[in-house]
Amino acid sequence: MSDTEPKGPTNFIEEIIEEDLRTGKYGGRVHTRFPPEPNGYLHIGHAKSICLNFGLAEKYGGKCNLRFDDTNPTKEEEEYVQAIKEDVRWLGFDWGEREFYASDYFEQLYEFAVKLIKKGKAYVDSLSAEEIRQYRGTLTEPGKESPYRNRSVEENLDLFERMRAGEFPDGAHVLRAKIDMSSGNLNMRDPVMYRILHATHHRTGDKWCIYPMYDFAHGQCDSIEGITHSICTLEFEDHRPLYDWFLDELEIYHPQQIEFARLNLSYTVLSKRKLLRLVNEGYVSGWDDPRMPTLSGLRRRGYTPEAIRDFADRIGVAKNNSVVDVALLEHCLREDLNRRAQRVMAVLRPLKVVITNYPEGQVEEMEAVNNPEDASMGTRKVPFSRVVYIERDDFREDPPKKFYRLAPGREVRLMHAYLITCTDVIKDENGEIVELHCTYDPETRGGSAPDGRKVKGTLHWVSAAHALDAEVRLYDRLFLKPDPDDAPEGQDFLANLNPNSLEVLTGCKVEPFLASAQPGDRFQFLRHGYFCKDPDSTDEMPVFNRAVALRDSWAKIERKQASS
RNA sequence: UGGGGAGUCGUCUAAUGGCAGGACAGCAGACUCUGGAUCUGUGUGUCGGGGUUCGAAUCCCUGCUCCCCAGCCA
């Protein structure tokens, strides 16, 4: 990292902030906020927003609040609040004492509403929901004014007070801003500010039976908290005139709303509605299914917060609608774990190998490096004996071109151990290969030959007598198409689910080192990929999730050979 | 003639009137006790058409395409 390079703005939001800093618009302050609604779990798209908001505060020496946008008691739950806090913390961000809730400000918001009523800028409407919709007009035709629009200030005050007091059933009245029913911007056609909801709120209980709408809450919350830059996604661009209108009419501190493009990821769905369907309809095991793009899913899969933050940095921030290739996310994880993950040998589809000239009963402790990228991680001992398991894929009776691995009569290296040569192939009555006989060269201990001869192939292995059994879960993309919504006429994204997104392997053989692994620990299984120990593990049966596979150039060659 | 926003390699993103650059993906090669990692090489990309200018991705005009908005959701 070079300190001599001037940092400078890296996206349009930083440009705005630096301009504001130059002109002293907010007295040199930068104060952002991350405002989730506690009605679902956070996903990788939220991570982009979290990294942006907290990252900006960090970069400019400001603050970032965590604020729960809890203005709809019918959808929000405490469970989500806890999960969201855990996820933000896990990502590596700290909101200090600044944990706020829109519901903290309900009283203040009520006073703001009263102020607008007194100014003649808000009124109680008694039209039904259906009537309000009709009066709103359409995208191309102006709306018309409600017959209740010109109620007196006194009547509005009285009605609004009685709404709060609980005198009316849900839907009987709403409080609306008096703006312009003919505006081209539908949000300005007398938007609803308050609705009656006789529902128990997860924090305020039954204290309130009227709740503010998002538009009447968000900007005022920003104002109360002294937010300088209120960053949200593109679909709120149309709301900005309303955001500004409320603040101006209320004559209170006025933050600025800035919109950026939300994250879209190939082969992935990120809408709460769709994620909820995947969970509720059982296509995945839960919000934290390792195939889910939720932060809890990614965490269980084996993703690191560092990889996700690096990803957020790399995708940038702009106003273009875009779809980021999920391969970039995978790349970020590989890059992080390559640097940090403990290497270990694991045989996923075992094939027994008897080394016929190795002394029966002998065990040697072979020294293996823990991470060739980081010598400080040291070495470990791996037991070697007469019977070992290798990967079934690492042997071919009739090897194709460019196959460097084991075949009859061929010599390969067992990593960190010996060079072995295949002498016999043992089959069962069905012709199925059940066992290989090999000989080893005692002169090659550690894996290199004193005569300098080279072998093309290096295999991982596990000593049969010392192996631990394990279950391994191989995950693949949840959807078959880059755009899961690209479904045949009359079908939806579920039509594009990948039927092979999870493959469960049992009877896997892993090296004894893994006995001490804890759920959440991540490893590189040599030549396979990065794996994370799953909380489903028991003492008898550890379970490992594949977070991401290693790049596999043999698979690529094989595919090419198959297609030509 | 409803309103708002956006168009740069396959994908994402830089450039702020002065050499269109980076990352991912792909392809080719080198190296390797992980067919990993690493390294090297590799690009017919500025939505179209006009204009201003010595010079335009950038400024002007014009056309086209895409996205968002009609919850008492956020």
Side-chain angles (χ1 to χ4, degrees), chain A residues 10-11 15 35-37 39 69-72 74-76 125 127-130 132-134 136-143 170-176 182-189 191-197 210-211 213-215 217-218 232-241 259 261 263 266 272 314-332 334-335 338-339 343 345 368-369 371-373 402-405 413-417 419 446-448 454-460 482 524-529 549-557:
Chain A
T10 66
N11 60 56
E15 277 175 24
E37 183 189 13
N39 71 340
D69 224 328
D70 56 351
T71 57
N72 186 351
T74 65
K75 292 192 176 161
E76 296 146 7
D125 195 358
L127 254 25
S128 69
E130 175 59 24
I132 286 181
R133 187 178 317 128
Q134 281 161 4
R136 188 155 30 228
T138 69
L139 291 179
T140 53
E141 298 157 18
D170 288 4
H173 308 281
V174 292
L175 184 72
R176 301 178 71 176
S182 65
S183 172
N185 182 346
L186 292 265
N187 295 119
M188 300 299 272
R189 317 240 263 228
V192 173
M193 294 163 58
Y194 269 90
R195 75 287 212 187
I196 301 172
L197 244 31
I210 58 172
Y211 293 91
M213 298 287 290
Y214 165 85
D215 285 303
H218 205 98
C232 61
T233 46
L234 250 28
E235 67 270 25
F236 291 100
E237 272 179 318
D238 288 342
H239 295 244
R240 182 160 20 100
E259 312 85 12
L263 172 69
S266 61
K272 271 185 191 170
R314 292 192 192 213
I315 59 178
V317 177
K319 298 193 74 158
N320 302 344
N321 283 305
S322 57
V323 183
V324 176
D325 194 338
V326 72
L328 179 60
L329 214 212
E330 295 169 347
H331 168 83
C332 292
R334 283 195 198 96
E335 192 173 84
N338 174 50
R339 219 170 41 231
R343 269 60 168 175
M345 292 195 284
V369 295
N371 185 345
E373 304 294 318
K402 290 189 179 170
F403 184 86
Y404 302 155
R405 284 113 92 146
R413 171 166 39 238
L414 292 182
M415 200 173 184
H416 309 308
L419 266 37
S448 51
K454 302 281 186 204
V455 292
K456 271 287 214 183
T458 300
L459 312 186
H460 61 274
Q524 184 193 104
F525 286 4
L526 278 157
R527 300 205 301 138
H528 281 300
L550 253 18
R551 296 180 58 167
D552 187 347
S553 46
W554 166 243
K556 208 173 282 181
I557 293 167

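Quick note on labels: first sequence line is chain A, next is B, and so on, each numbered from 1. Just so you know, these numbers come straight off a predicted model, no measurement behind them.
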Asp552(A) atom CG is separated from A25(B) atom C1', nearest whole Å, by 17 Å
Partners of Arg133(A) by salt bridge (Lys or Arg N to Asp or Glu O under 4.0 Å), sequence neighbours excluded?
Glu130(A)
Sugar-phosphate, base or nothing in reach of Leu127(A), heavy atoms under 4.0 Å
base
Counting Watson-Crick and G-U wobble pairs whose two distances are both under 3.5 Å, find the runs of 3 or more in a row that involve RNA chain B.
B:2-7 with B:64-69, B:10-13 with B:21-24, B:26-30 with B:38-42, B:47-51 with B:59-63
Give one of base, sugar-phosphate or nothing for Arg527(A), where a contact means two heavy atoms less than 4.0 Å apart.
base
Please list, for nucleotides 10-12 of chain B, all pairs of protein and nucleotide N/O atoms separated by less than 3.5 Å.
| from | atom 1 | to | atom 2 | distance (Å) |
| --- | --- | --- | --- | --- |
| U11(B) | O3' | Val323(A) | O | 3.3 |
| U11(B) | O2' | Val323(A) | O | 2.8 |
| C12(B) | OP1 | Val323(A) | N | 3.1 |
| C12(B) | O2' | Ile315(A) | O | 2.9 |

Distance alone, cut at 3.5 Å: any donor-acceptor contact between the side chains of Thr74(A) and Asn72(A)?
yes
Can you tell me the distance, in whole Å, between the CD atom of Glu259(A) and the C1' atom of C69(B)?
13 Å
Hey, does Ile557(A) reach any base, or is it just sugar-phosphate, or nothing, if we go heavy atoms under 4.0 Å?
base
Just call it for Thr71(A): base, sugar-phosphate, or nothing, with non-hydrogen atoms closer than 4.0 Å on any strand.
sugar-phosphate
For a quick check of understanding: with a heavy-atom distance under 4.0 Å over all strands, which category does His239(A) fall into, base, sugar-phosphate or nothing?
base
Using the C1' atom as the point on both nucleotides, what is the distance between A25(B) and C68(B), in whole Å?
29 Å
Does Gln524(A) make a side-chain donor-acceptor contact with the base of U34(B), cut-off 3.5 Å?
yes
Have a look at Phe236(A) and say if it touches a base, only the backbone sugar-phosphate, or nothing, with a 4.0 Å heavy-atom cut-off.
base
d(CG, Asn187(A); P, G71(B)) in whole Å
11 Å
